[in-house]
Amino acid sequence: MATLEIKNLHAEVADEDGETILRGVDLEVNSGEIHALMGPNGSGKSTTAKIIAGHPAYRVTDGDIILHLDEDDLADIDEDLDEEDYRWSLLELEPNERAALGIFLGFQYPAEIEGVTMTNFLRQALNAKLGERQELFEDEDEDAEEEEAGYETSPMEGPVDDGEVGVAEFQQLLKEKMELLDMDEKFARRYLNAGFSGGEKKQNEVLQAAILEPSIAVLDEIDSGLDIDRLQDVSEGINALRDEQGTGILQITHYQRILDYVEPDHVHIMLDGRIVKSGDASLASQLEDKGYDWVREEVYETA
Amino acid sequence: MSVQIPPTLSAETVREISEDRNEPEWLLEARLDAFEALDDVALPDVIQTPGRRWTNLEALDFENLVDPLNQSDETERVSAEGATVLSFVDALDEHEDLIKEYFGSVVPADTNYLTALSAALFTTGTFIYVPEGVDAEDVKIRAEMNSQTLFSHTLVVTEESSSATILESIESGDDVDGDRYFSNIVEVVAGENSYVQFGSLQNLNEDTYHYTLKRGDTDTYSTINWIEGNIGSRLTRSDVETTLNGDGSETKIVGAFFGHDDQHLDVNARVWHQAEHTTADLVTRGVLDDEARSVYEGVQDVGVDAWNTSSYQRENTLMLSDESEADASPKLIIHNHDTEASHSATVGQVDAEEMFYMTSRAIDPQTARNMLVEGFFVPVLEEIEVDEFRNDLEELVQARLN
């Protein structure tokens with residue numbers, strides 16, 4: 001079981017002005033749990049998500065983000081494991097290393113990338129994750145042979161190189177996951193998110209999570225802009241992540257709506273860069289009724 | 001401004017080249033006229049921005065670069081059924097009339113100093129002739145430059161309702177000490193309702209100065225599509241142009257370049273709409289690494305009589321290094337209001353959000369960047385009809401990335 005532990009996280013925008021966004025976020029997400037993170041615009045929810053994944057636009061000024069892993073999480077690693085292999089400070093890692101350890105960010109606005117097919121991208125990502133995982137746990141004689149994994153495949157015709165998961169095997173996997181999400185097969189041949197509708201992009205984010213099987217998935221407004229059918233497909237995909245892969249979900253949303261389909265174990269409310277209130281699913285309904293002013297009054301009056 | 005004729009060159013040199021090849025009198029005369037014209041014509045125009053002349057052709061040391069009597073190449077030509085694909089000199093035996101009619105008809109020798117030099121001194125090149133109704137697929141010309149200097153002149157003539165897809169590749173063969181000069185003039189005469197795709201892939205070594213002018217003339221309902229790939233050379237000046245003379249005719253000018261080290265790439269795409277209902281699409285994608293420089297000019301010129309014109313132009317340059325430099329000027333000149341046109345150019349670096357998206361999926365930054373660069377060239381690759389050409393270009397891009 002993995003645990004994502006965010007401790008007293010302070011962060012600012014990594015530019016000259018350095019506007020402070022996070023003022024001490026504390027949060028813990030375990031495998032198999034679904035957490036909803038709610039809050040008004042500008043409260044720091046998306047920033048929290050991006051910092052977990054390692055977005056270079058933010059500077060962490062205090063606090064830490066720790067990923068705790070256990071034997072089950074590392075069952076695929078062939079190396080002898082030390083104590084430190086079970087506890088990682090994400091802030092010291094590059095985004096691709098965090099992903100290899102099992103962190104996934106579902107983007108609010110996924111990038112559109114022309115010329116790179118979905119199939120090529122996803123297989124590359126899956127093989128990169130499997131390869132990078134082994135590397136992260138290898139012993140310290142690393143720089144002995146810093147071989148750059150050459151990328152030798154055609155962006156048009158798809159990879160012909162090796163990689164742990166071969167083309168045929170991957171295509172079967174992709175097909176299964178797409179069926180689960182009720183996605184048309186033709187998506188696999190399209191360029192990554194290019195010309196996708198808002199809903200298709202969100203489905204694609206969940207698809208990617210399903211393929212990469214993360215320990216912890218942070219989903220940033222995965223529900224915004226979805227019609228009811230797609231909301232149901234996406235919700236099924238999220239529930240499957242939790243139920244079948246034991247993924248811990250941190251779901252950022254403005255709306256109660258998706259929580260009817262993806263029932264959270266915990267609900268957190270963020271205001272002005274901190275989590276000010278946590279509770280169970282009923283907190284989201286209360287919020288729906290009373291609005292953020294209710295939270296604001298409660299928090300600032302007691303303070 | 002005209003350039004001095006190198007003292008090593010004389011009318012005698014020109015005669016010697018022509019006589020060695022047993023050329024007909026008219027061709028010798030054409031060469032001598034071109035030689036005479038050197039006194040009067042200027043180098044091609046280059047882009048100037050405040051305080052900067054991007055490509056300094058004046059600085060080319062023609063005296064040392066041009067060694068006309070020792071030109072040498074090894075060129076393999078693959079024909080297609082029903083078509084003629086011959087070296088220029090062999091073609092004179094079989095198709096002298098056609099060559100006489102069309103040689104210099106699209107690119108007159110006195111276009112500029114460099115075309116005049118080529119017409120006077122060229123020793124290699126290819127003549128491609130596709131008779132009426134014949135489809136010539138996958139014509140290939142693989143040229144290796146073995147001398148210090150090489151002037152090549154290629155002429156493509158397609159008759160009514162014929163088609164041709166052509167790949168021309170240019171590489172360096174034998175090593176030669178010092179700087180080199182490769183000149184490549186291509187003329188395409190596309191007959192009524194004919195279709196030509198002319199793809200060129202230049203990967204000369206980086207001691208070579210490379211000048212190319214490729215120009216086509218379209219007849220009614222004909223199409224000329226160019227694919228211009230520039231990977232090699234120290235300096236490239238490339239002009240790819242179509243004159244849409246026939247009603248309902250079309251052209252695409254698709255370009256790809258990938259410069260690194262200290263390479264200099266001056267890439268130009270131009271179209272003149274001279275008839276009714278003509279369509280042009282200009283797409284150029286370039287990548288620069290290290291200290292490489294590129295300058296692009298795209299011109300869409302819509303003539304007075306070009307009713308119902310459609311004309312589009314896009315150029316994108318991707319910079320992989322802070323030391324690389326690029327300038328782009330897309331130009332749209334409209335003399336007929338009945339025109340739908342667009343033009344744009346961008347110069348930028350690899351998109352940080354795209355990089356973050358890819359690395360957040362476990363892909364390491366180097367691989368992510370390479371995938372983005374390869375994807376960037378896909379719109380060009382998709383236009384290429386000769387599979388071998390597409391594979392070659394992909395391989396050259398990948399080789400440069402790794």
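Just so we're on the same page: letters track the sequence lines, and every chain starts at 1.
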In sequence, state the C-alpha distance, the side-chain angles, and the governing distance for A/Glu79 and A/Arg133, and then conclude on salt bridge (Lys or Arg N to Asp or Glu O under 4.0 Å). CA-CA 11 Å; A/Glu79 307 288 325; A/Arg133 274 180 80 76; over 6 Å; no
Classify the side-chain pair [X]/[Y] by whether it contains a donor and acceptor separated by less than 3.5 Å.
| X | Y | answer |
| --- | --- | --- |
| B/Glu291 | B/His264 | no |
| B/Asn268 | B/Arg270 | yes |
| B/Thr165 | B/Gln197 | no |
| B/Glu385 | B/Asn225 | no |
| B/Ser169 | B/Lys140 | no |
| B/Glu171 | B/Asn203 | no |

Can you tell which part of [X] gets under 4.5 Å to a heavy atom of chain B, answering side chain, backbone, both or neither?
| X | result |
| --- | --- |
| A/Pro110 | both |
| A/Glu97 | neither |
| A/Leu192 | side chain |
| A/Tyr109 | neither |
| A/Gln208 | side chain |
| A/Leu105 | both |

Chain B interface, residue from A/Pro56, A/Ala100, A/Gly54, A/Gly131 that has the most non-hydrogen pairs under 4.5 Å: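 Top option by heavy-atom pairs under 4.5 Å: A/Gly54.
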Greatest number of heavy atom pairs closer than 4.5 Å to chain B - which of A/Ala53, A/Ala57, A/Ala111: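 Of the candidates given, the most pairs with chain B belong to A/Ala111.
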Under a 4.5 Å heavy-atom cut-off, does chain A meet the side chain of B/Met358, its backbone, both or neither?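 Looking at B/Met358, backbone and side chain both touch chain A.
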